[in-house]
Amino acid sequence: MTRTDTLARPAIQSLRGSRIREVSQSVADTSDVLAFWFGEPDAVTPAFVREAAKRALDAGDTYYTSNYGIAPLREALARYTSALHQPIDAGRIAVTSAGVSALNLASQLLVSPGDRVVVVTPVWPNLVEIPKILGAEVVEAPLAFVAGPDGAAEWALDIEMLLDRLTPQTRMVVINSPNNPSGWTMPAWQQRLVLDHCRRLGIWILSDDVYERLYYGESRLGCAPAFLDIADDQDRLLSVNSFSKNWLMTGWRLGWLTAPAAIMNDLGKLLEYNTSCAPGFVQRAGLAALDSGDAVVRDTVARFRAARDRLFAGLQTIPGVTANLPPGGMYLFFRVEGLDDSLSLCKRLVREVKLGLAPGSAFGDAGEGAIRWCFASDGERLDEGVRRLADFLRAA
Ligand SMILES: Cc1ncc(COP(=O)(O)O)c(C=O)c1O
């Protein structure tokens, strides 16, 4: 037997490691780094949510639940989704172990080796790498950083380019809106065109909606435009969502998947073979977040909006930096004049001025030349970060 027999299969070996981690691990000690590299809200989970989990544990909620999640949580999620979008039956919702697990389940449900999967990029790397675990051929449809109608820069999608890439051979299109890292938010008219096109060709849409509530544009309900607004219950649409960002619950690992009724039975089998179920006491915490967490979402959005505006104003003062005001999400994805190796620049930033940012190339080739800054942070930290970046670029 040769030594290569102990290696993972080729599709796994060729997965890309996280370049954000590559930056954070490029220094021995990060304790004195002003870090904005990871995408995590800046506050602990609200006390009433933590209390709900403690109560459930004290009541002995330590058993398996249904694969799809406990009924009260599925019903609460159906009410929540119906209020934001259009009426959804609880039978079409499965509770998952956070957004990442929902994304894996979605790909496992649909993707066979060799299938063509089109992903709008730059994007959080998991969306590109997860289909590859299943042996998919991933084709990117890149956003461009262009001058918007008012002359200011913005990230935008050439919709004709995307539709051209959605060929009859395409199995699935993956769209994350509001987008991590760029904040780009797909307008409703583009969603309509994509849905019509995918209906005609039988293509599945995997919509990553985890940032839908972190939306700063015009909206009656405080929610970005979504495929769930326009799709009917027969459409080939899977929507991924999560408790992580809305209710400050990243560490709890709780999310959900909304799917057509016809696929739910197979999804139940996959849930059984993945995690079997999300922990019951965590689901109880999620229920508390849904029942009483509206104010948390409102407050989070207000804080993030102020942080976004403050960081944007700060970056505007630095020569050579071009930033846009993102309509959604919790990141500013700005360009630096002449930058062609964002990974090296971010390693230098952390080493030389103790500023932790994420290289644009971590989000695919379409992200090279840009840097991601998570603005879920307090204003003074952001100001200090801007000072360090300005000093560094002045001296560079
Ligand atoms: C675009 C996107 N989708 C999904 C997730 C998954 O989040 P979680 O697994 O914490 O629910 C993240 C997390 O950063 C994300 O940025």
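Since this is a predicted model, take the numbers as computed values, not measurements. Order of appearance sets the numbers: ligands from 1, and atoms from 1 within every ligand. All values below come from the heavy atoms of this structure, side chains included, with hydrogens, waters and symmetry mates left out.
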Legend entry - Residue part near ligand 1, for Tyr211, under 4.0 Å between non-hydrogen atoms: side chain
Inset, instruction - Under 4.0 Å, heavy atoms only, figure out whether ligand 1 is touched by the backbone of Val100, its side chain, both or neither. - result: both
Legend entry - Identified ring pair (Phe, Tyr, Trp, His ring centres under 6.0 Å) counterpart of Phe333 within the set Trp155, Phe375, Phe145, Trp124: Trp155
Legend entry - Closest approach of any protein heavy atom to atom 9 (O) of ligand 1, naming residue and atom: Arg253 NH2, 2.8 Å
Legend entry - Contacting atoms of ligand 1, where contact means under 4.0 angstrom from a heavy atom of Ser242: 8 (P), 11 (O)
Inset, instruction - Look only at the side chain of Arg388 and the backbone of Val353, and say whether a donor-acceptor pair between them is shorter than 3.5 Å. - result: yes
Legend entry - Protein heavy-atom partner closest to atom 10 (O) of ligand 1 - residue, atom, separation in Å: Ser244 OG, 2.6 Å
Legend entry - Closest protein heavy atom to atom 13 (C) of ligand 1, given as residue, atom name and distance to 0.1 Å: Lys245 NZ, 3.2 Å
Inset, instruction - Give a yes/no verdict on whether any heavy atom in Glu40 is under 4.0 Å from an atom of ligand 1. - result: no
Inset, instruction - Answer yes or no: does an N/O atom from Gly99 fall short of 3.5 Å to an N/O atom of ligand 1? - result: yes
Legend entry - Atom pair CG (Asn104) and CG (Leu134), whose distance is rounded to the nearest 0.5 Å: 8.0 Å
Inset, instruction - For ligand 1, indicate whether the residue Ala98 contacts it via side chain, backbone, both or neither (heavy-atom separation under 4.0 Å). - result: both
Inset, instruction - Would you mind checking if Asp61 and Arg55 are paired as a salt bridge, meaning a charged N to carboxylate O distance below 4.0 Å? - result: no
Inset, instruction - Assign the ring pair Phe243 / Trp256 to parallel, tilted or perpendicular, where the plane angle (0 to 90°) is split at 30° and 60°. - result: perpendicular
Inset, instruction - May I ask you to check if Arg381 and Phe36 form a cation-pi contact, with NZ or CZ under 6.0 angstrom from the six-membered ring centre and within 45° of the axis? - result: yes
Legend entry - atom 3 (N) of ligand 1: the protein heavy-atom neighbour that sits closest, reported with distance to 0.1 Å: Asp208 OD2, 2.5 Å
Inset, instruction - Using a strict cut-off of 4.0 Å, indicate which atoms of ligand 1 neighbour a heavy atom of Asn176. - result: 1 (C)
Inset, instruction - Considering heavy atoms of the protein only, find what lies nearest to atom 6 (C) of ligand 1 and give residue, atom and distance to 0.1 Å. - result: Trp124 CH2, 3.6 Å
Legend entry - Residues, nucleotides or ligands: over 12 heavy atoms within 6.0 Å of Asp365 CG: no
Inset, instruction - Tell me whether the centres of the aromatic rings in Trp373 and Phe38 are closer together than 6.0 Å. - result: no
